[in-house]
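Quick notes on the structure that follows.
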Amino acid sequence: MNRIVALIATLAGLAERVGNALQWLSPALARLTVGLVFLQSGWGKLHDLEKVTNYFTQLGLAAPAFQARLASTAEFVCGGLLLIGFATRFAAVPLIVIMCVAIRTALWEQVDGIGSLVGLTEFAYIALLVWLGTNGAGPVSLDWLVARGWQHRVSGRAPMGAPSRAAT
């Protein structure tokens with residue numbers, strides 16, 4: 001019995017080490033997947049705004065031409081930001097709003113309970129976007145590089161009132 005417990009503990013430790021070593025992978029895959037989906041969707045919509053406007057008109061949205069441009073541009077720009085991992089937490093917010101509006105206006109008839117709601121692809125996008133918005137883009141992103149550069153820059157400065165390194 002002790003051998004089984006020891007084997008389980010060893011396997012659990014191995015799984016934890018592998019998981020820690022691959023911690024960068026989850027946010028990178030989430031960003032690349034969702035970013036690419038929205039970048040392509042926004043690009044397609046921007047190149048056929050009349051079709052999007054007509055669809056928004058059928059849905060009964062107010063100011064359909066304006067909303068078509070706004071949603072298409074937000075999808076394209078925010079999708080691109082997610083793809084490169086820059087301003088990820090900010091880029092996630094408009095995309096979450098767009099997905100909520102899409103569910104409420106275009107897909108609400110398909111929702112008859114929590115199971116059908118969470119089964120929607122748009123809901124999966126919302127879940128990934130909320131996760132990226134709360135946890136950030138991860139270490140394989142421009143956000144991480146900018147934050148590291150900013151921290152390095154701040155930590156390299158002398159405190160106020162102290163002589164600079166150049167003066168000593």
Side-chain angles (χ1 to χ4, degrees), residues 12 15-16 18-154:
E16 187 172 345
V18 169
N20 287 337
L22 295 176
Q23 215 166 13
W24 61 271
L25 188 59
S26 300
L29 281 176
R31 278 188 314 93
L32 294 175
T33 301
V34 178
L36 189 59
V37 165
F38 280 106
L39 181 78
Q40 289 177 329
S41 174
W43 179 259
K45 289 175 182 174
L46 284 170
H47 284 82
D48 201 355
L49 281 172
E50 185 177 334
K51 181 179 174 183
V52 178
T53 301
N54 290 338
Y55 182 62
F56 283 10
T57 302
Q58 289 174 358
L59 291 174
L61 296 177
F66 171 75
Q67 294 222 38
R69 283 184 183 83
L70 180 66
S72 302
T73 302
E75 285 186 18
F76 179 71
V77 171
C78 294
L81 289 172
L82 286 179
L83 204 55
I84 62 174
F86 187 67
T88 301
R89 289 183 162 132
F90 295 107
V93 174
L95 297 176
I96 291 169
V97 171
I98 289 169
M99 288 298 93
C100 289
V101 171
I103 289 171
R104 183 62 182 104
T105 58
L107 302 170
W108 199 244
E109 291 175 359
Q110 298 174 26
V111 176
D112 59 4
I114 191 76
S116 58
L117 176 64
V118 299
L120 295 172
T121 302
E122 291 77 5
F123 191 87
Y125 293 148
I126 291 170
L128 284 171
L129 289 165
V130 166
W131 181 66
L132 287 169
T134 57
N135 291 307
V140 183
S141 66
L142 287 179
D143 283 347
W144 188 79
L145 290 173
V146 168
R148 250 186 105 187
W150 182 259
Q151 287 171 350
H152 177 68
R153 210 169 155 197
V154 168

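For clarity, every value in this text was computed on a predicted model and none was experimentally measured. When reading the values below, keep in mind they use all heavy atoms of this one structure, side chains included, and skip hydrogens, waters and symmetry mates.
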Can you measure from [atom1] ([X]) to [atom2] ([Y]) and round to the nearest 0.5 angstrom?
X      : Y      : atom1 : atom2 : result
Glu122 : Ile96  : CD    : CD1   : 14.0 Å
Thr57  : Glu50  : OG1   : CD    : 10.0 Å
Gln40  : Leu83  : CD    : CG    : 9.0 Å
Thr121 : Leu107 : OG1   : CG    : 9.0 Å
Cys100 : Phe123 : SG    : CZ    : 8.5 Å

Are the side chain of [X] and the backbone of [Y] linked by a donor-acceptor contact shorter than 3.5 Å?
X      : Y      : answer
Asp143 : Thr88  : yes
Thr134 : Trp131 : yes
Arg31  : Leu132 : no
Gln67  : Leu61  : no
Thr33  : Leu29  : yes
Ser26  : Gln23  : no

Are [X] and [Y] side-chain neighbours, meaning at least one heavy-atom pair lies under 4.5 Å?
X      : Y      : answer
Phe38  : Met99  : yes
Phe90  : Leu81  : no
Leu120 : Gln110 : yes
Ile103 : Leu117 : yes
Trp108 : Val111 : yes
Ser41  : Phe76  : no
Pro27  : Asn135 : no

So, for [X] and [Y], which heavy atoms are closest and what is the spacing to 0.1 Å?
X      : Y      : answer
Ile98  : Ala71  : CD1-O, 3.8 Å
Ala106 : Tyr55  : CB-OH, 3.3 Å
Ala74  : Leu95  : O-CD2, 3.9 Å
Leu49  : Ser72  : CD2-OG, 3.7 Å
Leu82  : Gly35  : CB-CA, 3.8 Å
Ser141 : Gly138 : OG-O, 2.7 Å

